[in-house]
Amino acid sequence: MAVRWLAVFSVSLAAWLLVTVHGHALMFRHGDGALAAASALSFAFTNTARDAGLDQLTVYGGRETNKYLLETTGSGVALVDYDQDGWLDIFLVNGTTLEGFPKGQEPTAHLYRNKRDGTFEDVTDRARLRQTGWGQAACVGDYDRDDWDDLFVTYWGQNRLFRNRGDGTFEDGSRRAGLETARRWGAGCAFLDYDRDGDLDLFVANYIAMELESTPTPDSGLCRYKGIAVACGPPGLTGGKNVLYRNNGDGTFEDVSARSGVERANGTYGLGVSTLDFNDDGWVDVYVANDSNPSALYINNRDGTFTDEGVKSGCAYSQDGKPQAGMGIAIADFDHNGTLDIFKTNFAGDTSTLYVNLDGQFCEDRTYAAGIGVNTRYLGWGVGFLDLDHDGWKDLFLVNGHVYPEVAQLETEAQYEQRKIVYRNLANGRFEDITSRLGEPVTTPTAGRGAAFGDLDNDGDIDVLVNNVHARPDLFRLDVKVPAGRRWVLIDLVGAKGNRHGIGARVRVTAGGMTQIDEVRGGGSYYAQNDFRVHFGLASATTIERLEVRWPDGREEVWANLPTNEILEIEQGSGRRP
């Protein structure tokens with residue numbers, strides 16, 4: 001069927017008890033031993049990672065001290081339905097240490113297959129994805145047009161492209177695809193179709209052009225943080241140059257970084273990467289969060305070239321005109337004005353930044369006006385917009401953790417392991433910090449890094465997967481319980497061959513008098529790939545009056561009178577022209 005709705009995984013309400021204490025409703029979940037106040041919140045998180053079988057450690061640099069900045073960035077995560085069973089699987093990037101490990105005992109990336117019962121099976125070796133080294137980010141896309149999702153993983157060293165063979169296994173296709181290069185510090189990445197030819201191209205940020213033997217170390221006395229000797233950089237080190245690879249359509253890529261203008265950016269030290277159509281012209285643009293430099297907004301000139309308009313557009317600096325230590329990126333139309341806004345996480349002592357897209361040309365920094373300027377103790381990494389309570393307004397989830405484990409020596413500093421921050425969208429341009437009201441596991445401190453957002457149990461709520469440093473991952477399962485009238489939809493686009501998820505497509509949903517937009521995007525958060533399916537909370541709407549999709553090739557289609565509380569599979573070519 002061209003439009004297909006799927007049964008969703010249901011969670012038994014018998015697992016929850018509602019009681020009243022001093023006039024306040026409390027929710028108690030059997031087996032987790034905790035009470036969570038829910039008098040004003042209609043949702044709760046449960047960390048199910050251990051019970052789900054996500055039990056492997058992520059190793060990254062030194063535990064108590066770091067010699068090089070290389071040991072601080074941590075690893076990313078990708079949500080990928082690698083076996084095409086309709087359930088998201090998990091790929092966790094891993095790292096290493098300067099000392100290394102005995103042969104056969106090295107940390108490896110992990111692929112977990114979703115068993116569709118709330119648990120996962122580690123299939124890393126079976127899938128032939130055992131890999132070691134200084135792993136960074138992961139992104140997903142079908143680069144060879146065989147309709148199976150492939151994996152690209154960045155490293156300090158040699159990036160790797162893993163081709164999905166369609167039989168549960170992967171093969172390293174880096175050399176054959178022309179992606180083997182001299183050593184670089186690959187960072188965030190994203191698949192995209194920037195030239196609208198139907199083939200997925202690849203954008204890769206590069207952090208620092210660093211060689212350990214020539215990099216200053218803490219004992220040099222050159223690099224200090226609040227009086228403590230720490231790893232040096234990035235200021236003072238040579239920044240990396242971002243790379244754009246054009247897909248040749250035959251399973252190989254061509255480096256077009258210079259010709260496309262991607263090398264000509266206002267800043268360097270790129271980390272997080274996300275695609276978006278900033279000016280709503282139907283051609284995909286790219287935003288890069290730069291560390292200690294102005295961030296980049298690459299506007300697609302529709303002729304195979306890009307221009308960094310970040311400074312001109314007002315989304316490169318802080319409100320007071322200073323460069324920030326950008327890490328992660330979230331994109332959404334949080335204020336319902338029809339344009340995609342940008343949220344960026346930054347270093348401790350600074351705020352995260354909310355850039356409101358005014359008209360597709362210019363941004364306005366509304367960090368303080370939105371109520372987000374109060375949290376300056378925490379150092380942000382992964383971040384995502386998600387509708388926590390299905391009211392139709394995107395909320396925010398931030399993952400934190402300090403760069404320097406040495407901050408344990410400081411009594412007044414936020415510690416290396418830090419809590420998450422959750423902001424609720426008040427639907428008036430402002431956000432409310434509800435972290436303390438949510439309590440555990442959100443307030444449990446970890447050294448978080450990469451984070452991916454998606455519906456892992458197909459119940460209509462967006463869950464959060466976090467890759468921590470020197471710890472096991474966290475899987476925050478979101479359950480929206482009350483009010484019962486709140487509804488949702490998950491749009492699963494099926495694009496043309498070569499871009500089966502419709503990466504770059506814009507989706508517009510009108511239901512119950514409310515219109516919302518979002519996109520299928522490559523990359524996002526910090527070093528991550530989120531769920532390609534587009535989620536909308538629909539408040540009390542029981543019918544989607546109108547669904548509009550602008551596909552990556554620019555063609556537009558419309559569907560009408562679709563159900564809610566369903567996963568809707570929308571196939572390109574099955575709608576009508578508007």
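Quick caveat: nothing in here was measured; it's all calculated off a predicted structure.
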Less than 4.0 Å between a side-chain N and a carboxylate O, is that true for Arg521 and Asp518?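 Salt bridge flag = yes for Arg521 with Asp518.
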Which of these, Trp381, Phe453, Phe343, sits in a ring pair (Phe, Tyr, Trp, His ring centres under 6.0 Å) with Tyr526? Trp381
From Arg184 CZ over to Asn159 CG, what is the distance, rounded to the nearest 0.5 angstrom? 8.0 Å
Hey, is the main chain of Gly62 close enough, under 3.5 Å, to the side chain of Glu71 for a donor-acceptor pair?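 Pair found, side chain donor or acceptor close to backbone of Gly62.
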About how many Å separate CG of Leu179 and CZ of Arg160, when rounded to the nearest 0.5 Å? 13.5 Å
Under 4.0 Å between a side-chain nitrogen and a carboxylate oxygen: does that hold for Arg130 and Asp125?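 Looking at Arg130 and Asp125, the cut-off is met.
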For the side chain of Asp55 and the backbone of Arg50, is there at least one donor-acceptor N/O pair under 3.5 Å apart? no
Do Tyr60 and Trp134 have ring centres separated by under 6.0 Å? yes
With salt bridge (charged side-chain N to carboxylate O under 4.0 Å, His left out) as the criterion, how do Arg145 and Asp199 come out once you've worked through the C-alpha distance, each side chain's angles and the decisive distance to 0.1 Å? CA-CA 7 Å; Arg145 298 172 62 93; Asp199 299 314; 3.0 Å; yes
Whether the Asn114 and Asp89 side chains hold a donor-acceptor pair (N or O, under 3.5 Å, no angle test) is what I'd like checked. no
Of all heavy-atom pairs between Val230 and Arg224, which one has the smallest distance, and what is that distance?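 Reported closest heavy-atom pair: CG2-C, 4.1 Å.
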Using the side-chain hydrogen bond (donor to acceptor under 3.5 Å, both in side chains) criterion, which residues pair with Asp81? Sequence neighbours excluded. none
Donor on one side chain, acceptor on other, Asn66 and Thr72, under 3.5 Å: no
Is a donor from one side chain sitting under 3.5 angstrom from an acceptor on the other, for Tyr155 and Gln131?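 Tyr155 vs Gln131: donor-acceptor pair found between side chains.
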Taking every non-hydrogen atom, the tightest pair across Val407 and Tyr416: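 Looking at all heavy atoms of both residues, the closest pair is CG2-N, 3.5 Å.
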With distance as the sole test, does Asn400 use its side chain to make a donor-acceptor pair with the main-chain N or O of Gly448 at under 3.5 Å? no
Please report whether the ring centroid of Tyr194 lies less than 6.0 Å from that of Phe203.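 No; Tyr194 has its ring centre 6.0 Å or more from that of Phe203.
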As a test of understanding, state which of Ser318, Ser274, Cys315, Ser295 forms a side chain to side chain contact (heavy atoms under 4.5 Å, CB included) with Lys344.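 So, applying the side chain to side chain contact (heavy atoms under 4.5 Å, CB included) to Lys344 and each of Ser318, Ser274, Cys315, Ser295, only Ser295 qualifies.
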Could Lys115 and Asp117 be called an ion pair, given the rule that one side-chain N must be under 4.0 Å from one carboxylate O? no
Treating Thr252 as the side-chain partner and Gly178 as the backbone partner, does any N or O pair qualify as donor plus acceptor under 3.5 Å? no
Would Glu519 and Leu276 satisfy side-chain contact (heavy atoms from CB on, under 4.5 Å), going step by step from the backbone distance to the final call? CA-CA 7 Å; Glu519 290 181 347; Leu276 76 163; 4.1 Å; yes
Would you say Asn242's side chain and Asn206's backbone share a donor-acceptor pair under 3.5 angstrom? yes
Step by step, would you call Tyr404 with Ile228 a side-chain contact (heavy atoms from CB on, under 4.5 Å)? CA-CA 10 Å; Tyr404 309 122; Ile228 298 175; over 6 Å; no
What is the minimum heavy-atom distance between Ile503 and Pro552, and which atoms define it?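 Scanning both residues, the minimum pair turns out to be O-CG, 3.3 Å.
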Any luck finding a side-chain donor-acceptor pair between Tyr423 and Asn375 under 3.5 Å? yes
Could you tell me the separation between the OH atom of Tyr82 and the CD1 atom of Ile90, rounded to the nearest 0.5 Å? 12.0 Å
Arg472-Asn467 side chain donor-acceptor pair, cut-off 3.5 Å: no
Are the side chain of Asn290 and the backbone N or O of Asn293 linked by a donor-acceptor pair below 3.5 Å?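 Here the side-chain-to-backbone pair does not exist.
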Plane angle bin for Phe152 and Phe191 - parallel if under 30°, tilted between 30 and 60°, otherwise perpendicular: perpendicular
So which heavy atom on Val442 is nearest to which on Phe476, and how close?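 For Val442 and Phe476, the tightest heavy-atom pair comes out as N-CE2, 4.1 Å.
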Distance flag, aromatic centroids of Phe397 and Phe45, threshold under 6.0 Å: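 Centroid separation for Phe45 and Phe397: below 6.0 Å.
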Arg165 bridged to Glu171 by N-O distance under 4.0 Å: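 Answer for the salt bridge query: yes.
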Check: Tyr317 main-chain N/O paired with Tyr355 side-chain donor or acceptor under 3.5 Å: yes
Please round to the nearest 0.5 Å and tell me the distance separating atom CG of Leu151 and atom CZ of Arg163. 13.0 Å
Are the side chains of Asn530 and Ile462 in touch, meaning some heavy atoms are under 4.5 Å apart? no
Looking at Asn47 and Ala49, would you say the former's side chain and the latter's main chain have a donor-acceptor pair under 3.5 Å? yes
Pairing donors with acceptors under 3.5 angstrom, does anything connect the side chains of Gln136 and Thr73? yes
Within a strict 4.5 Å, meaning less than it, do heavy atoms of the Val243 and Asp255 side chains meet?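 Sidechains of Asp255 and Val243: in contact.
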Is a side-chain donor or acceptor of Thr124 paired with a backbone partner of Leu111 at a separation under 3.5 angstrom? yes
Which atom pair, heavy atoms only, marks the closest approach of Ser525 to Ala451?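 Nearest pair, atom of Ser525 first, then Ala451: OG-O, 2.6 Å.
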Determine, stepwise, if the pair Leu70 / Met210 fulfils side-chain contact (heavy atoms from CB on, under 4.5 Å). CA-CA 9 Å; Leu70 175 63; Met210 188 179 76; 3.6 Å; yes
Do you know which two heavy atoms are closest between Ala52 and Gly118, and how far apart they sit?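 Reported closest heavy-atom pair: CB-O, 3.4 Å.
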Can a side-chain donor-acceptor contact be found between Tyr207 and Asp291 if the only test is distance below 3.5 angstrom? yes
Centres of the Phe334 and Phe431 rings: under 6.0 Å?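 Phe334 vs Phe431: aromatic centres under 6.0 Å.
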Donor-acceptor contact below 3.5 Å, side chain Arg424 vs main chain Lys394: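 Answer holds: no.
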Can a donor-acceptor pair be found between the side chains of Asp149 and Asn164 at a distance below 3.5 Å? no
When the ring planes of Tyr245 and Phe253 are compared, do they come out parallel, tilted or perpendicular, using 30° and 60° as the limits?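 Perpendicular: the ring planes of Tyr245 and Phe253 meet at over 60°.
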Listed partners of Arg126 passing salt bridge (charged side-chain N to carboxylate O under 4.0 Å, His left out), at least two apart: Glu121
State yes or no: are the ring centers of Phe347 and His402 separated by less than 6.0 Å? yes
Begin from the C-alpha positions of Leu88 and Asp531 and carry the test side-chain contact (heavy atoms from CB on, under 4.5 Å) through to its verdict. CA-CA 8 Å; Leu88 289 174; Asp531 193 344; 3.3 Å; yes
Do we see a donor-acceptor contact under 3.5 Å between the side chains of Thr353 and Asn346?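 Note: Thr353 and Asn346 side chains meet the donor-acceptor criterion.
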To the nearest 0.5 Å, tell me how far Thr345 OG1 sits from Leu379 CG.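 Those atoms lie 8.0 Å apart.
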Lys67 side, atom NZ; Thr97 side, atom OG1 - distance, nearest 0.5 Å: 12.5 Å
Side-chain donor-acceptor pair under 3.5 Å between Asn499 and Asp142, yes or no?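 No, Asp142 and Asn499 have no side-chain donor paired with an acceptor closer than 3.5 Å.
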Can you spot which of Gln418, Arg419, Lys420 makes a side-chain hydrogen bond (donor to acceptor under 3.5 Å, both in side chains) with Tyr378? Arg419
